[in-house]
Each structure stands twice: as structure tokens, then as C-alpha cells.
Amino acid sequence: MASSSNTGKKIQADSTDEDYTEAEHEEEEEEEGLEHFDDFTLASSWERFISEIESVCRLWMSDGPKNLLVKGAVLLDDSGSLYKVTSETKYALKSYSMEYYFETNSAVDAGKPATWNFDLHDLQLCFGIKEFLVIAPQSASGVVLDAPEASKLLSAVAIALSNCSSLWPAFVPVHDPSRKAYIGIQSMGTVFTRRFEADRIGSQVPIKLMHLEGLYELFVSKFAYSTLDLSVHNFKVRIAMKLTFRTLPFDDDYMKNFDAKMIRSRENLSGETSNGTQWDDDCSWSEWYSAEDPVKGFELISTWSEKMVESSMEMAELENASPHEAEKWSISLRLEGSKESRIGFASQLHLLVDALQMSFEAQFIEDFVSAAENPGSDNLRSSLVIPSPTVRDRVLKELFMEDAKFSDFSDVGYKTSRAVKGAPLESLFAQFCLHSLWFGNCNIRAISVLWIEFVREVRWCWEESQPLPRMPPNGSIDLSTCLIHQKLHMLAICLERKCQLVEDFQDCIGSVDHIDSMSEEESVVGDDLMNIQTPSENFSGKVDRKPEDADLSNDTKSSNFTRRGSAGIVDSMMLLKSYQSMHAPYTQEPPLMTEDMHEERMQAVEAFGDSFNFSAQLEKDILTSDMSAFKAANPDAIFEDFIRWHSPGDWEADDDPESSGSTSPNALDINKSKDSWPPRGRLSKRMSDHGNLWRNIWNKAPALPASEQKPLLDPNREGEKVLHYLETLQPHQLLEQMVSTAFRAAADTISQTSYGELNQMETKIQQLYPTMASALRPLQVNRLSADSETIEDLKRLCVVFEHVEKLLTVAASLHRKLIRAPRLSREIFNDYYNFYIPRMGTGLTEEVVEKEFDKKQEIRDNEREVLSNMFVPPTANQSWRKVLSMGNLLNGHEPILREIIFSLHDKVSGNHYAARSGSVSQQDIETYRMYICGTSNDLRVALSVASCD
């Protein structure tokens, strides 16, 4: 059919006029070419409206699903394979929207009732269709309220689809939107046409329709007296049913009943039971806060596959059947709303970052405490409240409790947590940071007050020589931690050594008479064994041997009256200038240093110039101590002997094949070394240079054993330095270290939660530490400002932490409720993880997830008992309880939703409607179909009837 090349003036029709005037058929045309055709089928606006619908449908049909996806078809959120394309058209001053719904997988039978596909669209489930067309007005309601207009609109779409030879069913929404009512039509390609109608029966549901028997009779009444050549007594109706049960809200009453029911299974699995009233009492974060249970409940879906029913009595028996008899069980998760504000570590960490941003407003911590008296601090005075002294004293008592013991920090948390420069979880400063998160809503004034009192308690421990709680009194300083933790560790060690010095002094006074009665040799040996360390523990080539255990030669015994602080003979080494064996001295332990002390010493080392490169073990004070101890143990030694013992790499020995061989320090080796005396070799170039620093130190070092030397670490002086650092710490320096430690401690805390074998959760937690380390690294530079970009990065880190924390609470809640069904817990969390991760926000605020998680998971037969136990029988004081009237009860619970599909199939052959052609004579069609959804007082009915018009 050729289309006209002319355009005419449009005649506006009154939207309220349903008849067409003669003016609509007499449009004036202007000639634009030599030849033209008059297309009388487009003479009216009604016909043009049909033509527009037809052109759009032809375009969609020619494109096909693949091209429609390329052109921007939208995937429906509630379906995994259903797409939608939209087009707009107008008729009689009204705009209409045409929506074509299609699937990309043609092999999927979306309308098969026995499968109860959970991804089906509402119209697909109601009428057993696959692809379909919906036309609706573009209005606030989105439905056609006028019945004649709806019929006319549906007729226009039916004519357009017929002209396209399309078999798409078409629908028009009618009545009120809450009723979800539709009318529709579909050409089946034969002499049959299928008509659709769906509507909702509100609260006025007849008592008869509350039971399956009445619903069955309702369906039978639609065809029992029709013109079909069937008898009422010899037909078989196909029926499929789905029941949805919902657990009670997980409130206190439910959890008490649930715990009582699960206590035996918990004892069998773990040997422990939980007597708490909160769901997360056994979670690692419960010490700091109680999280709201993200799992609000479960929905259990039991389905009966398609079966044949011949009478209403069979329906009555089906209504009395237990859900355990259903062929299939599925479960879905009910979660808390995403818009609800959550209280947890992430929310408090965000407040701590705000406190860091405000810490640059003052130079001293005391300035924030005295902000109430400062007239220019209205913002601090009004919004940042300090808790009462009672709360403050309680926090300090928990931090400095006497029975608080330190643990091995290396065993706490993940090994990757060391990448974050903070304090270990169980340490004193980490606990201070965690308490600060909940002290006065973590504002800068409250933190300042708590810090000042914290430092006062630390000083009291120092002055009263009381052990510092939660800190080890020995060991080495871990430079990978924050500086405050290093200082507190140093103070704990100084406290211990300070107490040891006091005890040693008292012991010396009490044993003066006993010491006088001892021989001089015993006294020297006793002094040498006090507070010193065997050098073989620190230097290569040194032997851990006591003088009394060494097999000394006669010449060494002759010089014992001048030898002091000897730990034994060093292998088979001989002194260069005397015919004596070399002795290894007892040396002092290297001094402990914090990170800032190392930096100061390195700056001091640079003052020596570039002629020598010092390492941590070869600093001047340590070197002097070692040389003095070596001189005392070897009175006849020279500088070269010390180099051979302390730094063998700087001694270039001549090759002597006879001297190579056994290195064991026995008498035979000693005799061999004496035979080859004196040892042949020379100093390295750097040690033989003129003005070498080591030689200068050797010349000035006195011959003193370690027991008589001044200690390398002065505990009193170093302890006072630590306290001075803590008392003069600037606010931003304190907050920077608190932020790093709080993130690390919070991550270590939540990572200890038991959530079963969830690989995704394990990976997510392990990835959190590198993310934190990267975002917190600028805090170590100490170059921040209030408007630094790092502050914004830290706020983004809080959002990332919140996502991980939310996932962890869901995992912990599922693990606790489904501990006897670990596979089911794992599969549900995997579905939720895949649903949540793409919707995680990376901005400063958490993005709102509008779509609810409704993924279903099939339940295996061995897991049904676990799910059944979750439906605790309702108690008498629960106000939500209603009168039971639907049947199919599960532990006293009636279904919250019942869905039934009745269907009747017939062969085309033998029916007087059918055309006598071989191509369709054996076709089996669904002549009647009724979908019923709802409860005993709220039903929605959808009916489709195939007829020959």
C-alpha cells in the first residue's frame, strides 16, 4: 500500500467526543509533486492512531531481541531475562505509552505453571504468556478509568497487531491502580482468540472462596455450562499451588523461643550455648555496641507441581495437606531497609575523622577542654558535649584495671593488619581509641578530656612503680606500630627495669655481709652474670660458653687475675700480640629505641660525614660498650683482635690450608691454632684508613666489663622522656594516630566474628587492610591540614568500612540462624553478596539501594527440618495473630500468600470451533486458565479464555 506524499492540516478533536465528525474526513491537501495517491485508510485520527501503533510494532518485530538490546532495551530489575522497550504515541489530545516486553532466551517457557519461576513478570504469571505488549495512558494513575475508552484502546492495538500478523498478547490497565486490573486480547494464529481479564477482590471475600474447594468450584463455573463439548463429570482440571510462609519478627520473644528450640543443636555442634538476649551477644563487636539484626525474617515458599484434580473433595484434601508434602521448598531473605541509619564502627569512625579535622583549630589539647570558658568557641560549646565524670572514671577503670594482662600482639587479628601503622588490638592505646569512639559521641572535646586523664593515669603508674596494663614489660619495640604505642611500650620496659634496679639495690644492701665473705673471684663472676647478655646471641662467630665450662690452657689460667667479664673462648682464635686464646665478653643489650629516637640518632650519625656509614648496631655508644667489654675479657688484645671478633668481614686473612678444617673449639683445635701462631692477615681498607673512627673509639674505650659499665638505657631518663612526649602531644598528632589505630582495631575486632565458611567475606576482609593502609598512609607524613584532601579520602574510607561491616553483620546473622544448614547459609549469602556489591557506593555517602533483595534459594530435603524449626509456634500475647482460616498450616502458621493456577486443556480436533486442517488438528491449547493469588480476605483473580469469535 503506497503512502501519500502530502501533508494536511491536523484537525483537533474534542477528547470527550467519541464519534468522528465529518470534518475529520474532509481534510484539505496541498499538492507538493506531480503525482500523488489518496490513502483513504488514513482519513481519520483513529485510523492514523492504528497506523502509528502498527508501524512501531513492525519496527520492533523486524529488529528482533538482539537489535532491540543494542538500541537500548532496559532489563527489568525484578527479572533476570525480561527486557522492555518503550514508545510514545498520541490520540485525541492524549498521550499513550506502548511497552513491549520480551525475553532473549527463546527456550524458556515463562508461562509453564509447574516451574513457578520466581523471575516472572506479574502478567506472565497471571496469564501464562511470554512476550507481551502493554499500552497505557501517560497520566498520574497510569490506568484507563473509562471503560469505553479502554475497549477502544484495546481494539486499536488488536487491529494493529493483526495487520502485522503478530501473535503478541496486548493488555490495557484499567480501574484503580491498587487493583492491578487488566483487560487483554491475543490472536492465537488459528480460529481461536484468547481474552484476558484480571481484577482484585478486596476485603469482601465470600467465605466460600476462603477455601480451595470454593476456588475450584469458581473455576469450574466458568466453563461447565459453556458451549464446549464436555460433560461436567468427565473433565480433569490441572492445578498447581504455591504457599508462602513468613517467620515471626525476630524480636525478643521470638529469639527466646528460637534459642530454646536450638539449644540442643548448639550443644551438639559447638558445646557452647548463648544465654544472651541480643542476637549478637556472641559476636566480637558486642563489647562495643549492639547491632540491629539485618535479617528481619525468612519467607518459606512451598510449591506443588501440576497435578490432575477431578472433584472438589480432592481440593479439600489438598487444603488439609502439610507443607512438608510439597515437592519443592524455597527460601528468601527479609532484610532491614537500606535507608535506615546504622550504628556501628563505621559511623563512629566518621565522627573520629570529623574530630581530626577540628583538631587543627588549637595548638594544645588543653585548649579544647577549656573551650567552655573561651568566648570565641561557641561551636565547640554548643555541639561537642563532654560526658559526666562518672562515665569518664568508668572508662579509665576499664582501661587500667589491675587484672588486664597483655597478650602476644603478633597473634591478634590478621597478619595483614600490620600494614596499618596503628596499635595492636589488645594494647593500651588501641583500647583507648576504641573507648574514645563511644565516649561523648567521639567529639574533639570529649577525646581531649579523656586523653588528659589517660596521661595522668600513665604518670601515676610511673611514679608509683606500678606495671602499665595491657603493655608487655619486655621485648623489642615494634617500629611498624604508631609512635604512641612505641612510647607506651618503652615506658612499660623502663618501669620493669626501674623496679629491677630498686630490687637489685635492696638485695645488695641486704647481702653486704655475705658478699664480704665471698672470694674475689666469685664476686667478679657473680657481677659478670648480672644484667648482661651472651654475645653469641647477637654476633656471628661467638660462642655461648661460661668461663667455668671452657677448657682453658695453662697460659690463659695464668692471666685470669686480670681477665673480667669473659663468656668463654672464641672457637680456636688466638690474639695477635700474645700467645693466648681469644675470649668473648659479656655485652650489654642494645638500647631500645622508638621511631623518633632512630631518626634523631640517624641525624646525629650524619654529623660524622660520609666517610663512614653506621648501622643500628654500630652506633657510637654501643660500639664503645662492646670495645670496653672486649678489652676487659682480653687484657692483651689490640684493635685488630677486636675487628676479627666483632667484624670478621673487615679482616683479610692470608690463605692457610693447614688452618682450614675443623672449627669446633676443642683442645686439639686450640693446639693447632697455637702451632700456627701468630695469625696472618690484615685490616680491610676502610679500617686501615688514617683517622678511622673505630680506632679512635678503641683508643679511648676503657677496659670495663659489662657489669661495671654505665647502662646503655637509662630507664629513669627514658621514662620521663616518654611522659613528656605524651603530655605535650599536639591535638592533630594525637588524632592522626588515633584514626589509624581506630581503623585497625575496629577491623581486627569485626574480623574475629564467626560467619562460617564464606570465601567472599574472607576475601573482602583481607582486602580491607590494604585499602586502609593506602588511605591512612598520608597520616604518617604529619603534613595534614583541616582542608586537606586526605580528610575526604578518610571519609570515603568510612563508607567502604561501612559496606564491609554491613556484609559481615548479614553473614554473622545468617550463620547464627542457619548453623545447622551451612550450605544454605553459604548460598544465601553468596546471592546477597552478588546483589549488594554492584550497588556499593564509593562516594562520601552510602548510595540508597532502592531494589530489595528477593533472591530465592532452593531447600534440600535434609534442610527442611532446620527451616521448619524457625517457625516458632505463636504465643497467646502476640497481637498480630489472626483467626486461622486458610489451612495448610506450618507449626501453627497459616500462609501469608496462597497462589493457585487452574487450567483446562483441550485438543483442537473434535471441537466444532476448529478448522479441519491437518496442520492444527492435533494442537493442544489451554482453553481456560485461572490464576488466584492472595489470602482469605484479599484475592486477586486472573482469567484467560480461548474462544472462537
Side-chain angles (χ1 to χ4, degrees), residues 79-81 103 105 107-130 211-220 235-246 298-332 824 827 854-865 867-868 886-890 893-907 924-935 939-944:
S79 176
S81 60
E103 293 182 350
N105 188 2
V108 177
D109 188 2
K112 188 176 180 181
T115 60
W116 287 108
N117 192 341
F118 297 111
D119 295 332
L120 294 179
H121 187 273
D122 179 60
L123 292 177
Q124 290 179 318
L125 185 60
C126 286
F127 303 111
I129 58 177
K130 184 177 180 182
H211 303 281
L212 296 182
E213 185 178 358
L215 297 176
Y216 173 80
E217 295 177 356
L218 174 65
F219 175 70
V220 172
F235 62 81
K236 292 184 179 180
V237 176
R238 300 182 184 181
I239 180 175
M241 183 171 66
K242 180 173 72 172
L243 302 177
T244 302
F245 299 87
R246 179 177 296 174
F298 293 96
E299 288 188 357
L300 174 63
I301 303 170
S302 59
T303 58
W304 279 261
S305 60
E306 193 174 79
K307 59 184 301 184
M308 307 301 294
V309 178
E310 298 184 3
S311 65
S312 58
M313 294 299 295
E314 296 183 33
M315 296 300 298
E317 295 177 359
L318 182 60
E319 185 172 354
N320 294 326
S322 171
H324 290 276
E325 301 177 12
E327 284 85 353
K328 181 180 178 182
W329 275 23
S330 302
I331 189 175
S332 64
L824 191 59
E827 295 299 328
D854 59 353
K855 185 74 173 180
K856 311 296 189 303
Q857 188 63 232
E858 185 175 353
I859 301 173
R860 296 178 179 176
D861 293 340
N862 59 347
E863 299 168 339
R864 289 194 176 190
E865 182 182 358
L867 270 297
S868 178
M886 293 181 62
N888 302 117
L889 303 182
L890 178 61
H893 294 257
E894 71 174 1
I896 63 167
L897 185 66
R898 179 170 59 189
E899 298 174 78
I900 306 174
I901 297 177
F902 297 100
S903 62
L904 185 65
H905 291 248
D906 190 21
K907 297 289 185 180
D924 185 17
I925 65 172
E926 188 180 57
T927 54
Y928 287 87
R929 187 180 192 274
M930 179 180 288
Y931 170 77
I932 300 176
C933 171
T935 61
L939 287 180
R940 182 168 179 238
V941 181
L943 178 66
S944 65

Can any side-chain N or O of [X] pair as donor or acceptor with the backbone N or O of [Y] at less than 3.5 Å?
| X | Y | result |
| --- | --- | --- |
| Q124 | H121 | yes |
| E319 | L212 | yes |
| R246 | I896 | no |
| K242 | A240 | no |
| R929 | C126 | yes |
| W329 | T303 | no |
| N888 | E894 | no |

field: Electrostatic pair K328-D861, nearest N-O below 4.0 angstrom
entry: no
Taking the side chain as every heavy atom from C-beta outward, state whether [X] and [Y] have any pair of such atoms under 4.5 Å apart.
| X | Y | value |
| --- | --- | --- |
| L867 | L824 | yes |
| S81 | D119 | no |
| K307 | R238 | no |
| I932 | R898 | no |
| M315 | I239 | yes |
| T244 | P895 | no |
| I901 | M241 | no |
| Y931 | L943 | no |

message: I need the minimum non-hydrogen distance between Y216 and S312, along with the two atoms involved.
response: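 Nearest pair, atom of Y216 first, then S312: CE2-N, 3.6 Å.
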field: Taking every non-hydrogen atom, the tightest pair across P323 and L889
entry: CD-O, 3.2 Å
query: From M930 CE over to S944 OG, what is the distance, rounded to the nearest 0.5 angstrom?
result: 9.5 Å
message: Nearest 0.5 angstrom please: C933 SG to L939 CG, how far?
response: 8.5 Å
- request: Please check if any side-chain donor atom of Q857 sits under 3.5 Å from a side-chain acceptor atom of E863, or the reverse.
  value: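 Looking only at side-chain atoms, E863 and Q857 do not form any donor-acceptor pair under 3.5 Å.
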task: Verify the neighbour count for atom CD of E327: are there more than 12 heavy atoms of other residues, nucleotides or ligands below 6.0 Å?
output: yes
- request: Verify the neighbour count for atom NZ of K855: are there more than 12 heavy atoms of other residues, nucleotides or ligands below 6.0 Å?
  value: no
message: I'd like to know whether I331 forms a side-chain contact (heavy atoms from CB on, under 4.5 Å) with K856, so could you lay out the CA-CA distance, the side-chain angles of the two residues, the decisive distance to 0.1 Å, and finally the verdict.
response: CA-CA 5 Å; I331 189 175; K856 311 296 189 303; over 6 Å; no
message: Using the rule given for side-chain contact (heavy atoms from CB on, under 4.5 Å), can you reason through F298 versus S332, listing the C-alpha separation, both sets of side-chain angles and the distance that settles it, and then say yes or no?
response: CA-CA 6 Å; F298 293 96; S332 64; over 6 Å; no
- request: Test side-chain contact (heavy atoms from CB on, under 4.5 Å) on E858 and I301 and set out the steps.
  value: CA-CA 9 Å; E858 185 175 353; I301 303 170; over 6 Å; no
- prompt: Y928 vs F219 aromatic rings, parallel, tilted or perpendicular, using cut-offs 30° and 60°?
  reply: perpendicular
task: Please lay out, stage by stage, how F902 and L904 fare under the test side-chain contact (heavy atoms from CB on, under 4.5 Å).
output: CA-CA 7 Å; F902 297 100; L904 185 65; over 6 Å; no
